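For reference, the structure is listed below as structure tokens.
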Amino acid sequence: MNSTATDRFDTSRFEASRNRLASLAYRLLGSAADAEDAVQDAFLHWQAADRQRIKVPEAWLTKVVTNLCLDRLRSAHARRERTAGAWLPEPLLDGDPMLGPADTFEQRESVSLAVLTLMERLSPLERAVYVLREAFSYSHAEIAEILDITESASQQHLHRARRRITAAHRRGGGEVDPASARRIVEEFLAAASSGRTERLVALLTDDATAISDGAGLTETLLQYDTPQRIATVVRAGFKPTPAKRRFAGGTPAIHYALVNGAPAILFVVGDQVVGAVAFDITNGKIATVRSIAAPTRLARLAEAWRQHEPDTPLITQW
């Protein structure tokens with residue numbers, strides 16, 4: 001095999017792992033854009049390596065991507081961004097390959113917006129061990145090799161990570177029936193659109209929270225933590241005005257969708273997603289509302305939507 005054919009063969013070996021590597025990087029970083037950058041950096045490492053000496057490409061690439069992501073998480077820029085109160089996971093439309101694997105409840109939960117947010121409380125090593133074990137089912141021996149730690153350390157990191165995530169995620173009620181989730185979201189939208197704040201309050205858990213990125217116009221996230229306050233803010237936010245339509249670039253339609261496995265509504269102008277509101281539902285009520293409208297956080301979701309065949313909108317003209 002000549003050098004050109006060898007390069008093509010080796011490139012195809014990398015491409016066969018690209019989706020898996022991207023889904024690993026996304027879970028570690030919570031950002032599709034950063035995950036894509038990490039995978040591209042891994043490809044450059046792959047091209048520069050003596051590939052004849054790499055016995056198991058999948059294991060080698062997993063180690064490279066994991067450590068590239070850890071470097072990003074430990075960087076001064078990432079620490080500033082993630083501690084300044086302006087960080088949210090980047091939402092992805094269901095069906096995006098970055099959301100795989102999704103065969104088990106643990107795999108699906110590890111990519112939910114709730115757990116991606118909670119993983120910010122973990123150290124980079126705890127986060128890596130948690131993702132490698134829960135989402136990709138690596139053994140502690142394999143994780144130790146990937147992270148250059150002992151098996152005992154891997155087990156300890158996993159124990160701490162599980163304890164911290166479980167303690168913070170104790171309100172979770174497991175997976176929600178899709179039909180029930182859609183009904184609750186439709187009721188939320190109807191109440192928000194009609195101004196029935198008392199109905200909005202009734203749809204929220206007593207300890208509900210709401211988080212908004214302020215469409216990227218604020219330096220910190222906007223957070224609300226009582227049902228009454230959330231209902232008031234939601235009612236104001238869902239009231240259409242000429243100024244909001246100008247900001248959105250037109251009159252949006254509102255569609256139901258699944259985002260990171262959770263029910264959501266998308267504000268769509270033409271074929272462009274200009275806003276997403278995702279919901280965590282537990283015991284038949286809404287526990288968390290996440291409103292995301294910063295264009296940088298919606299780039300990949302918007303691109304996926306343009307290739308998506310949408311259902312009839314819940315509201316044709318908002």
Side-chain angles (χ1 to χ4, degrees), residues 32-33 88-99 112-113 176-197 199-200 203-204 208 210-218 221-222 224 230-281 285-286 288-318:
L88 270 177
E90 186 176 341
L92 299 179
L93 192 67
D94 263 32
D96 191 307
M98 275 194 189
L99 295 177
S112 69
L113 294 177
V176 182
D177 172 66
S180 297
R182 178 164 183 149
R183 175 184 54 77
I184 292 167
V185 170
E186 289 179 347
E187 288 183 17
F188 176 93
L189 180 59
S193 301
S194 66
R196 295 163 55 204
T197 54
R199 180 53 186 152
L200 282 171
L203 288 167
L204 299 167
I211 305 166
S212 170
D213 67 1
L217 299 177
T218 63
L221 301 176
L222 306 175
Y224 311 96
I230 294 169
T232 300
V233 169
V234 165
R235 172 60 192 123
F238 273 76
K239 184 176 181 179
T241 66
K244 290 176 184 176
R245 287 171 174 155
R246 283 195 300 271
F247 184 78
T251 301
I254 301 179
H255 290 264
Y256 182 81
L258 292 176
V259 170
N260 291 65
I265 53 176
L266 304 181
F267 291 75
V268 183
V269 177
D271 63 354
Q272 179 65 36
V273 177
V274 297
V277 181
F279 304 87
D280 292 342
I281 294 175
K285 290 194 173 186
I286 295 169
T288 310
V289 182
R290 293 182 181 84
S291 176
I292 302 168
T296 53
R297 288 192 176 102
L298 293 174
R300 186 177 174 101
L301 187 153
E303 178 60 31
W305 182 262
R306 284 191 285 271
Q307 302 173 31
H308 173 76
E309 189 65 36
D311 293 337
T312 302
L314 300 177
I315 295 178
T316 304
Q317 291 187 317
W318 175 73

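Being a predicted model, the structure only gives us computed values, none of them experimental.
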Note to self: Show, in sequence, the C-alpha distance, side-chain angles and deciding distance for Arg290 and Asp280, and conclude whether the side chain to side chain contact (heavy atoms under 4.5 Å, CB included) test is met.
What the structure shows: CA-CA 9 Å; Arg290 293 182 181 84; Asp280 292 342; 2.8 Å; yes

For residues [X] and [Y], determine if any side-chain heavy atom of one lies less than 4.5 Å from a side-chain heavy atom of the other.
{"X": "Phe267", "Y": "Val273", "answer": "no"}
{"X": "Leu298", "Y": "Gln272", "answer": "no"}
{"X": "Val277", "Y": "Ser291", "answer": "yes"}

Return yes if some donor-acceptor pair links the side-chain N/O of [X] with the main-chain N/O of [Y] below 3.5 Å, else return no.
{"X": "Arg235", "Y": "Ala192", "answer": "yes"}
{"X": "Lys239", "Y": "Gly195", "answer": "no"}
{"X": "Trp318", "Y": "Phe238", "answer": "yes"}
{"X": "Ser194", "Y": "Ala191", "answer": "yes"}

What distance separates [X] [atom1] from [Y] [atom2], expressed to the nearest 0.5 Å?
{"X": "Phe279", "Y": "Leu204", "atom1": "CZ", "atom2": "CG", "answer": "9.5 Å"}
{"X": "Lys244", "Y": "Thr251", "atom1": "NZ", "atom2": "OG1", "answer": "13.5 Å"}
{"X": "Ile292", "Y": "Leu221", "atom1": "CD1", "atom2": "CG", "answer": "9.5 Å"}
{"X": "Asp311", "Y": "Arg182", "atom1": "CG", "atom2": "CZ", "answer": "6.0 Å"}
{"X": "Ser180", "Y": "Ile281", "atom1": "OG", "atom2": "CD1", "answer": "8.5 Å"}
{"X": "Thr288", "Y": "Ile211", "atom1": "OG1", "atom2": "CD1", "answer": "6.5 Å"}

Would you mind writing out the side-chain donor-acceptor pairs for residues 256-266 within the sub-3.5 Å range, not counting sequence neighbours?
{"unit_1": "Asn260", "atom_1": "OD1", "unit_2": "Leu92", "atom_2": "N", "d": "2.7"}
{"unit_1": "Asn260", "atom_1": "ND2", "unit_2": "Tyr26", "atom_2": "OH", "d": "2.9"}
{"unit_1": "Asn260", "atom_1": "ND2", "unit_2": "Val111", "atom_2": "O", "d": "2.8"}

Check: More than 12 non-hydrogen atoms from neighbouring residues, nucleotides or ligands closer than 6.0 Å to CD on Gln317, yes or no?
Finding: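 No - once you tally the heavy atoms of other residues, nucleotides and ligands closer than 6.0 Å, there are 12 at most.
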
Which atoms form the tightest heavy-atom contact between [X] and [Y], and what is the distance?
{"X": "Ala278", "Y": "Leu113", "result": "CB-CD1, 3.8 Å"}
{"X": "Pro91", "Y": "Arg297", "result": "CD-O, 3.3 Å"}
{"X": "Ala33", "Y": "Glu90", "result": "N-OE1, 3.3 Å"}
{"X": "His255", "Y": "Thr312", "result": "ND1-C, 4.4 Å"}

Checklist line | Arg306/Glu303 ion pair, N-O < 4.0 Å | finding: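 Here Arg306 pairs with Glu303 in a salt bridge, since their nearest N and O are under 4.0 Å apart.
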
